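None of the values given here were measured: they were computed from a predicted structure. Computation of the quantities below employed the complete heavy-atom set of this structure, encompassing side-chain atoms and omitting hydrogens, waters and symmetry-equivalent molecules.
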Amino acid sequence: MVQIPKEMRALRVEHKGDKHYKLTTVPVPQPKGHEALVKIGAAGLCHTDLLVMSGEFGGDNYPITGSHEPAGTVVALGPDARGYVEVGQRVAGLLPLDPCGKCADCRLGDWKYCGNSKYTGIHVDGAFAEYEILDARHLVPIPDTISFEQVAPLTCAGVTIYTAIKKTNLKPGQILAISGLGALGHLGVQMAKAMGLKVVGIDARPEPIEMTRGFKLAPDLLLDASKTPAEDAVKEIVKLREEGYDGWDGADAVILTADPLSSQRYGLDIVRRHGLVVVVAQPPEIKFQFKDFIFRDLTIVGSLHGNTRDLKETIELCAKHGIQSELSTFTMEQSREMVDSVHDEKRKGKSVLVFEPWGGVDGV
């Protein structure tokens, strides 16, 4: 019989505008319906978490426990959750909780767009706690070969960039540019290479560029946007084409993961005519020019994280090819340092909160 404590530690945003989390003690929630109670092994810090702190999502959900990137072990199930996962199973979780199942997106499209769903760490308590409630229907098993701290970033950063790559519909040998080699981008270049694409990695900071250069699945071309004008970048991209290529200059598609307007412009300038631009960044504003649409016939689309199938494919791809995040790990007592690390211009990879090592349900 699993012994679950009545209280747990959690990192919470107490008020809109807080700059850091408060480490506090709260009751351990009880799963109901399709819910599972997961003992958290690791949880990622996402750019979206900072938007929750600043109040970008509106509402009055404070205090709220942060993070929507959980990996851990199932310790209890609601009455309708049995059959989806089992107690003792290592799982990764997606952020939607309780999609309604009735709206047009749930019925006809993709439930990840359900406007009635609540998001963990945004609308309801998230994974910066010793236990979290997650929707058992959208949990994905974790292979024993991957650690919790490597899986946690895959539940948002990883599945988001993977879904964006799929959305380009590029075939092996075509050229994909990824602008921004941060949490999403440094995973994305590895994934795209593993999927057979020719990959261009772009950043304006030397640290992530050098980090990415050392990957086993390194990009075919790395560009420092602060030193290489877009017109020169296009000339380098052309060299990646097979001999005899007869087509347009530039990348076939570009994924924008970075917020600055300058990175948006650079990405648009290096994509070929009739190409595709996929936006996954969350800047305060996005600026395009009419000539991008009318005279160059660009298609610009957004891409939102992923569904259960996408997360399963993401984890399987990373496990098969040894794709990993560059991690900076922190404990709950180091949450201030974790948040501050996001503002470090020399940061690389992903910040992840890790909990005490745990060997299974017998060790609860």
Side-chain angles (χ1 to χ4, degrees), residues 47-48 51 56 109-110 113 160-186 188-189 191-193 195 197-206 208-209 212 219-305:
H47 174 63
T48 303
L51 299 182
E56 292 293 327
D110 192 328
Y113 290 107
T160 296
I161 194 68
Y162 173 76
T163 304
I165 295 170
K166 284 210 309 182
K167 202 161 191 175
T168 67
N169 289 315
L170 296 185
K171 297 178 175 61
Q174 288 189 284
I175 299 175
L176 172 66
I178 296 180
S179 178
L181 299 175
L184 280 75
H186 88 291
V189 294
M191 293 176 181
K193 283 293 294 182
M195 295 162 75
L197 301 176
K198 292 185 176 179
V199 182
V200 180
I202 307 165
D203 211 293
R205 297 174 296 133
I209 290 175
T212 307
D220 299 276
L221 175 64
L222 279 164
L223 296 172
D224 186 334
S226 69
K227 298 178 180 178
T228 308
E231 57 268 26
D232 293 338
V234 170
K235 294 176 184 177
E236 293 301 312
I237 292 171
V238 169
K239 297 177 183 177
L240 299 178
R241 296 292 186 183
E242 298 290 340
E243 186 176 350
Y245 170 78
D246 183 21
W248 300 274
D249 294 344
D252 295 300
V254 61
I255 299 175
L256 303 180
T257 75
D259 288 350
L261 290 173
S262 58
S263 68
Q264 296 173 27
R265 188 66 257 165
Y266 196 89
L268 287 163
D269 286 342
I270 66 165
V271 73
R272 67 169 175 82
R273 288 172 176 265
H274 317 290
L276 176 68
V277 178
V278 182
V279 180
V280 296
Q282 295 176 304
E285 59 179 340
I286 297 176
K287 286 188 177 181
F288 302 133
Q289 299 174 7
F290 72 89
K291 64 181 181 181
D292 295 320
F293 297 96
I294 296 176
F295 294 105
R296 297 179 63 209
D297 188 35
L298 298 184
T299 299
I300 302 175
V301 299
S303 186
L304 176 67
H305 53 84

Expected output: side-chain [X] to main-chain [Y] donor-acceptor under 3.5 Å:
| X | Y | result |
| --- | --- | --- |
| D292 | Q289 | yes |
| R241 | G247 | no |
| R205 | G182 | no |
| Q264 | K287 | yes |
| T257 | S179 | yes |

Minimum heavy-atom separation for [X] and [Y], please, with both atom names.
| X | Y | answer |
| --- | --- | --- |
| I178 | L181 | O-CD2, 4.2 Å |
| V254 | G267 | CG1-O, 3.7 Å |
| A251 | I237 | N-CG2, 3.8 Å |
| L176 | L170 | CB-CD1, 3.8 Å |
| V238 | G250 | CG2-N, 4.4 Å |
| V199 | A192 | CG2-CB, 3.5 Å |

Would you say [X] and [Y] make side-chain contact, with heavy atoms under 4.5 Å?
| X | Y | value |
| --- | --- | --- |
| L223 | Y266 | yes |
| P283 | L261 | no |
| H47 | D259 | yes |
| D110 | L304 | no |
| L256 | I286 | no |

To the nearest 0.5 Å, what is the distance between [atom1] on [X] and [atom2] on [Y]?
| X | Y | atom1 | atom2 | answer |
| --- | --- | --- | --- | --- |
| T228 | L222 | OG1 | CG | 10.5 Å |
| Y162 | M195 | OH | CE | 5.0 Å |
| E236 | D220 | CD | CG | 12.5 Å |
| I202 | L221 | CD1 | CG | 8.0 Å |
| Q174 | N169 | CD | CG | 9.5 Å |

Walk me through it: do V200 and L240 pass the test side-chain contact (heavy atoms from CB on, under 4.5 Å)? CA-CA 9 Å; V200 180; L240 299 178; 3.8 Å; yes

Results of salt bridge (charged side-chain N to carboxylate O under 4.0 Å, His left out) for K198 - residues two or more places apart only: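 Here the qualifying residues are E242.
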
If the condition is ring pair (Phe, Tyr, Trp, His ring centres under 6.0 Å), which residues does H305 pass it with, not counting sequence neighbours?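 Y119.
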
Using a cut-off of 6.0 Å, state whether more than 12 heavy atoms not belonging to F290 lie near its atom CZ.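 Not more than 12 within 6.0 Å, no.
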
Hey, can you pull the donor-acceptor pairs under 3.5 Å for the side chains in residues 272-279, sequence neighbours left out?
unit_1	atom_1	unit_2	atom_2	d
R272	NE	D252	OD1	2.8
R273	NH1	F295	O	2.8
H274	ND1	D297	OD2	2.9

